[in-house]
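Right, I'll just put the structure down here and ask away after.
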Amino acid sequence: MARRERVVRMSVEQPLWRALTAYRVLTLLYAVLLAGFGREKYERPWVALAFLAFLALWTLVTLPRVANAANCTKRFLGLDLTVALTGILLTPLADFDAQHMDGPTLPSIWTAGSVLAFALKGGWRWAAFASTLVAVANIIERGEPSRDTFHNVVLVWVASIAIGYVVEVARASERTLARALEIEAATRERERLARDIHDSVLQVLAMVQRRGTALGGEAAELGRMAGEQEVALRTLVSSGLVPTTRVSEDSAEGAVVRAVDTDEAESAESDLRSLLAPHAGSRVTFAEPGAPVLLPGEAARELAAAVSAALDNVRAHAGPDAHAWILVEDEPDDVVVTVRDDGPGIPEGRLIQAEGEGRLGVALSIRGRLRDLGGTAELISVPGQGTEVELKVPKVSRGKAGSAR
């Protein structure tokens, strides 16, 4: 069964575009009110009225253009900046004293919104280009620019460049995060496939090798070949070269592998006792609570697979006469399963050596599964006193952020 995880990511810069949309509307109202309260100073009020009417229409019509980066095209940016520059240069025609006084221009601070659009779209270089043109237009409009004029020009120039730089950093961080999430997803899928391979193919190859060696003759040669294939496959698993393939519904063989949402797979609860009960036998004692031990379906299956892997280790390493005990504890927040045996125990350093040889039963089939469930796996072994594996899984999923100890 293939699993499809839905990842919804919102661009980190999207709130900035929403802020810019609000800024353009508010500064339009400010420019209109400013002109209305100072209408007596205009020698040609019709120039101011015509421009502000056009500015209002332009701002409202182009609101969708500043909703996101995709809609904000280069052509729109050019036209928008042209509107702002035109308003600045038309100011002396409406107010003859504008060149000798430090009053506001017709578009006023609306102009900064046009520059900020450049910053959000193209970063600090685009912001520097747009703010430079605005600075030149302001200097031309003033004729004899004062210190306040230069102060305002530098302020817009520095602020727009800073915002453009922040946007570039945010985009780079978003790309890095997206890449990290892709790598994490691929790694988890490889680990899942590696666990499946370990629990099936590798176990069979190891059994064929042991039985063939014991029987001798032609069976010994078959066992030797199985052993070589086991080593080769373990190398692929440990090096992360196991392919992650899927069969589509349109394949030539007609095989169908349906993708299901992870949420749906986890919503159906399973009784862990029914999954672990088949392990009980003459050499395995199973102790369970009297009431159902309910876990999300995927969590129950993965926990049962980890228990199965622990029992495989008992059969493979504790000897033919070893006895194992499975104890299930249903705690308020967690489900704890303990697998204990009376074998010789694990020599110190053996697990690290096994991982180095590509034998990843404990690392992948046990710890890897519990880590993906947000749980923990603890292994306690004293030479001569057996081995105990404690597996703990939270009843309420904490995602896949938990780390195995």
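Note that the coordinates shown come from a computational prediction; the quantities given were computed from them, not determined experimentally. Values below: every heavy atom of this structure, side chains too, minus hydrogens, waters and symmetry copies.
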Exercise. Mark yes or no for whether Lys395, through its side chain, and Glu331, through its backbone, hold a donor-acceptor pair below 3.5 Å.
Key: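 Yes, Lys395 side chain to Glu331 backbone: donor-acceptor pair under 3.5 Å.
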Quiz prompt | OG1 on Thr62 to CG on Leu79, rounded to 0.5 Å | solution = 10.0 Å
Exercise. Check for a donor-acceptor pair, side chain of Asp334 on one end and backbone N or O of Val336 on the other, with a separation under 3.5 Å.
Key: no
Practice problem: Give the intermediate values and the outcome of side-chain contact (heavy atoms from CB on, under 4.5 Å) for residues Arg283 and Asp321. | Solution: CA-CA 8 Å; Arg283 296 196 178 278; Asp321 298 327; 3.8 Å; yes
Quiz item: Once you round to the nearest 0.5 Å, how far does OG1 of Thr86 lie from CG of Leu106?
Solution: 11.0 Å
Practice problem: Could you pull out all residues at least two apart from Thr105 that satisfy side-chain hydrogen bond (donor to acceptor under 3.5 Å, both in side chains)? | Solution: none
Quiz item: For the side chain of Arg340 and the backbone of Glu388, is there at least one donor-acceptor N/O pair under 3.5 Å apart?
Solution: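 No; zero donor-acceptor contacts below 3.5 Å.
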Practice problem: May I ask you to decide if Ala304's main-chain N or O and Ser308's side chain share a donor-acceptor pair within less than 3.5 Å? | Solution: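 No; zero donor-acceptor contacts below 3.5 Å.
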Exercise. Evaluate the side-chain contact (heavy atoms from CB on, under 4.5 Å) criterion for residues Trp124 and Glu168: first the C-alpha distance (whole Å), next the side-chain angles of each, then the deciding distance (0.1 Å), finally the verdict.
Key: CA-CA 8 Å; Trp124 71 269; Glu168 289 187 1; 3.3 Å; yes
Quiz item: Do any N or O atoms from the side chain of Ser160 and from the backbone of Leu116 form a donor-acceptor pair under 3.5 angstrom?
Solution: no
Quiz item: Quick one: does Arg273's side chain have a donor or acceptor within less than 3.5 Å of a partner on Gly290's backbone?
Solution: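 Such a contact is found between Arg273 side chain and Gly290 backbone.
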Quiz item: What's the verdict on side-chain contact (heavy atoms from CB on, under 4.5 Å) for His323 and Thr285, showing C-alpha distance, side-chain angles and the deciding distance?
Solution: CA-CA 8 Å; His323 194 93; Thr285 300; 2.8 Å; yes
Quiz item: Looking at Ile366 and Ala309, what are the two nearest heavy atoms and their distance?
Solution: CG1-CB, 3.9 Å
Exercise. Flag the pair Arg369 and Asp372 as a salt bridge only when some basic side-chain nitrogen lies within less than 4.0 angstrom of an acidic carboxylate oxygen.
Key: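 No, Arg369 and Asp372 are not salt-bridged.
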Quiz prompt | Shortest non-hydrogen contact from Ala299 toward Val393 | solution = CB-CG1, 4.5 Å
Quiz prompt | Rounded distance (nearest 0.5 Å) linking atom CH2 of Trp110 with atom CD1 of Ile88 | solution = 10.0 Å
Quiz item: Would you call the rings of Trp58 and Phe54 parallel, tilted or perpendicular, where under 30° means parallel and over 60° means perpendicular?
Solution: parallel
Quiz prompt | Nearest non-hydrogen partners of Leu89 and Pro92, listed with the distance | solution = O-CD, 3.3 Å
Quiz item: How many angstroms lie between atom CD of Glu269 and atom CG of Leu294, to the nearest 0.5 angstrom?
Solution: 5.0 Å
Self-check item: Minimum-distance pair of heavy atoms, taken over all atoms of Trp17 and Ala67
Solution: CB-O, 3.4 Å
Quiz item: Is the OH atom of Tyr165 crowded by more than 12 outside heavy atoms at less than 6.0 Å?
Solution: no
Quiz prompt | Approximate separation, where rounding is to 0.5 Å, of Leu391 CG and Glu329 CD | solution = 11.5 Å
Quiz item: For the residue pair Leu370 and Lys392, what are the closest heavy atoms and their distance?
Solution: CD1-O, 3.4 Å
Exercise. Identify, with sequence neighbours excluded, every residue that meets side-chain hydrogen bond (donor to acceptor under 3.5 Å, both in side chains) alongside Ser381.
Key: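 By the side-chain hydrogen bond (donor to acceptor under 3.5 Å, both in side chains) rule, Ser381 matches Thr387.
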Quiz item: How far apart are the closest heavy atoms of Phe118 and Leu77, and which atoms are they?
Solution: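 Between these two residues, the closest heavy atoms are CE1-O, 3.4 Å.
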Quiz item: How about Trp157: does its CH2 atom have over 12 heavy atoms from other parts shown lying under 6.0 Å from it?
Solution: no
Exercise. Indicate yes or no for a side-chain donor-acceptor contact from Thr21 to the backbone of Val66 under 3.5 Å, with no hydrogens or angles considered.
Key: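 Flag set: sc Thr21 to bb Val66 pair under 3.5 Å.
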Quiz prompt | side-chain contact (heavy atoms from CB on, under 4.5 Å) between Glu288 and Val293, intermediate numbers included | solution = CA-CA 9 Å; Glu288 58 181 312; Val293 181; over 6 Å; no
